[in-house]
Asks: 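Quick one: this structure, given as structure tokens, is what I'll be asking you about.
Numbers here are sequence positions counted from 1.
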Amino acid sequence: ADYQKRKTDKIYGEISYEGNYTIVKDNETVSSLISRAGGLTKFSYSEGTILFRKYIYESEYQENEMVLPDVLLDSIINTPGIRDVYTTEMMRNLQTKKNSIDSIVYEPVYFDLEKALSNPKSKHNIVLQEGDSIYIPLKLDVVTVEGSLYFLDANSISAPFLGKRANYYVKNFAGGYSKDNDKSNTVVVYANGVTKKSRNFGLFTLSPKVKPGSVIKVIDDRKIEKISKPIDWNEAIENTMLKITAIMTLWLLIDRVAGN
């Protein structure tokens, strides 16, 4: 019989038995794995659950690296158990000797865990692949406001979750909007990484709903203008030529020293 390498996935956070699990069938799903891991704890926040999918790229010219999204990095930094798992994987990746070097990239896959658990046939009950990681966070009861804050020296401020829209937290906890930012530039990042922005209806602007663990980002108009500024191709070409000239000059100096 042909030998097939067993596929393993990780599940950690507010789950009864976190760790690595072997995929026992081809169509193993999120709900199936959570059931095998003993189910969620009473402190879990299912709406904040994220699945990270692992991709491996091979290139003879690419440095050996592991690319992790910010939400996964935050989990690794704040949770010792998760940090140990990924530190081990990074070390294994660095020690691998091949003609072609692997670059490992983790990308978040967003889904609704409650729908996945309540209906096994739901599209949200994702079929797992080799190397998937599921993170279930602790139940959260605060909201964070950050960005271009008015009358605040700090970069961010946290407030209790009150079931209000984003503009309520900005006005009541972050000093309100300044002349360089307004409600239409407000963005909400939910605990599972999904992002929503304010909707402008002309006569009024409706800021996004906020859930526990959300981060409200207040964006400065000047930053938007900077991002939206068209590329000056003449300047870009000039800068590129300067870099090429500098590299050629350095190469000539090295060649001259070597010749002497």
Asks: Can you confirm whether Leu162 sits close enough to Asn172 that some side-chain heavy atom of one is under 4.5 Å from a side-chain heavy atom of the other?
Replies: no
Asks: Within this structure, what is the OG1-OH distance for the pair Thr49 and Tyr135, rounded to the nearest 0.5 Å?
Replies: 9.5 Å
Asks: Under 3.5 Å, is there a donor-acceptor pair between the side chain of Tyr45 and the main chain of Ala191?
Replies: no
Asks: Establish whether Val188 and Tyr110 are linked, either directly or via other cluster members, by ILVMFWY side-chain heavy-atom contacts under 4.5 Å.
Replies: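 Yes, Val188 and Tyr110 fall within the same hydrophobic cluster.
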Asks: Taking atom CZ of Phe201 as the centre, report whether more than 12 heavy atoms of other residues, nucleotides or ligands fall under 6.0 Å from it.
Replies: yes
Asks: For residues Gly39 and Ile15, report the shortest heavy-atom separation together with the two atoms involved.
Replies: O-CD1, 3.2 Å
Asks: Could you grab the distance from atom CG of Leu128 to atom OG of Ser133, nearest 0.5 Å is fine?
Replies: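 It comes to 10.0 Å.
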Asks: Quick one: NZ on Lys197 to OG1 on Thr186, what's the gap to the nearest 0.5 Å?
Replies: 10.0 Å
Asks: What's the separation between atom NZ in Lys54 and atom CG in Asp9, rounded to the nearest 0.5 Å?
Replies: 10.0 Å
Asks: Do Phe161 and Val218 share a hydrophobic cluster, counting only Ile, Leu, Val, Met, Phe, Trp and Tyr and linking them when any side-chain heavy atoms are less than 4.5 Å apart?
Replies: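 Result: yes, single cluster for both.
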Asks: For Arg53, what residues pass the salt bridge (Lys or Arg N to Asp or Glu O under 4.0 Å) criterion, not counting sequence neighbours?
Replies: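 Salt bridge (Lys or Arg N to Asp or Glu O under 4.0 Å) list for Arg53, sorted by chain: Asp132.
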Asks: Test Asn125 against every option in Asn119, Val30, Leu117 by the side-chain contact (heavy atoms from CB on, under 4.5 Å) rule and name the one that passes.
Replies: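 The passing option is Val30.
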Asks: For Lys10, is there any backbone N or O sitting under 3.5 Å from a side-chain donor or acceptor partner on Asn20?
Replies: no
Asks: Does Arg36 pair with Glu28 as a salt bridge, N-O distance under 4.0 Å?
Replies: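 Salt bridge present between Arg36 and Glu28.
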Asks: Side chains of Glu107 and Tyr55: closer than 4.5 Å at any heavy-atom pair?
Replies: yes
Asks: Mind checking the NZ-OG spacing from Lys42 to Ser16? Nearest 0.5 Å is all I need.
Replies: 11.5 Å
Asks: If you take all heavy atoms of Val145 and Tyr169, which pair is closest and at what distance?
Replies: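 Residues Val145 and Tyr169, closest heavy atoms: CG2-CB, 4.0 Å.
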Asks: Work out which heavy atom in Gly193 is nearest to a heavy atom in Ile50; give both atom names and the distance.
Replies: N-CD1, 4.3 Å
Asks: Does atom CG of Asn27 have more than 12 heavy-atom neighbours from other groups under 6.0 Å away?
Replies: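 Check passes, neighbour count above 12.
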Asks: Would you name the heavy atoms of Pro208 and Lys196 that are closest together and state the gap between them?
Replies: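 Where Pro208 meets Lys196 most closely, the heavy atoms are CG-O, 3.6 Å.
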Asks: State, to 0.1 Å, how close Ala116 and Ser31 come at their nearest heavy-atom pair, and which atoms those are.
Replies: O-CB, 3.7 Å
Asks: With rounding to the nearest 0.5 Å, note down the distance linking CZ in Arg199 to OG1 in Thr205.
Replies: 11.0 Å
Asks: My understanding is that only residues two or more places apart in sequence, or in another chain, count here; which of them pass side-chain contact (heavy atoms from CB on, under 4.5 Å) with Ser44?
Replies: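 Residues passing side-chain contact (heavy atoms from CB on, under 4.5 Å) with Ser44: Glu14, Leu40, Thr41, Ile136.
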Asks: Could you walk me through whether Leu206 and Arg165 pass side-chain contact (heavy atoms from CB on, under 4.5 Å), step by step?
Replies: CA-CA 9 Å; Leu206 189 65; Arg165 288 186 178 271; 3.7 Å; yes
Asks: Are Val170 and Ile157 co-members of a hydrophobic cluster defined by side-chain heavy atoms under 4.5 Å apart?
Replies: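 Same cluster.
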Asks: Okay, side chain of Glu146, backbone of Ile216: is any donor-acceptor separation there less than 3.5 Å?
Replies: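 Flag not set: sc Glu146 to bb Ile216 has no pair under 3.5 Å.
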Asks: Hey, quick one: are Phe111 and Ile23 part of the same hydrophobic cluster, counting side-chain heavy atoms closer than 4.5 Å, chains of contacts allowed?
Replies: yes
Asks: Are Tyr168 and Val143 connected, step by step, through hydrophobic side chains (Ile, Leu, Val, Met, Phe, Trp, Tyr) whose heavy atoms are closer than 4.5 Å?
Replies: yes
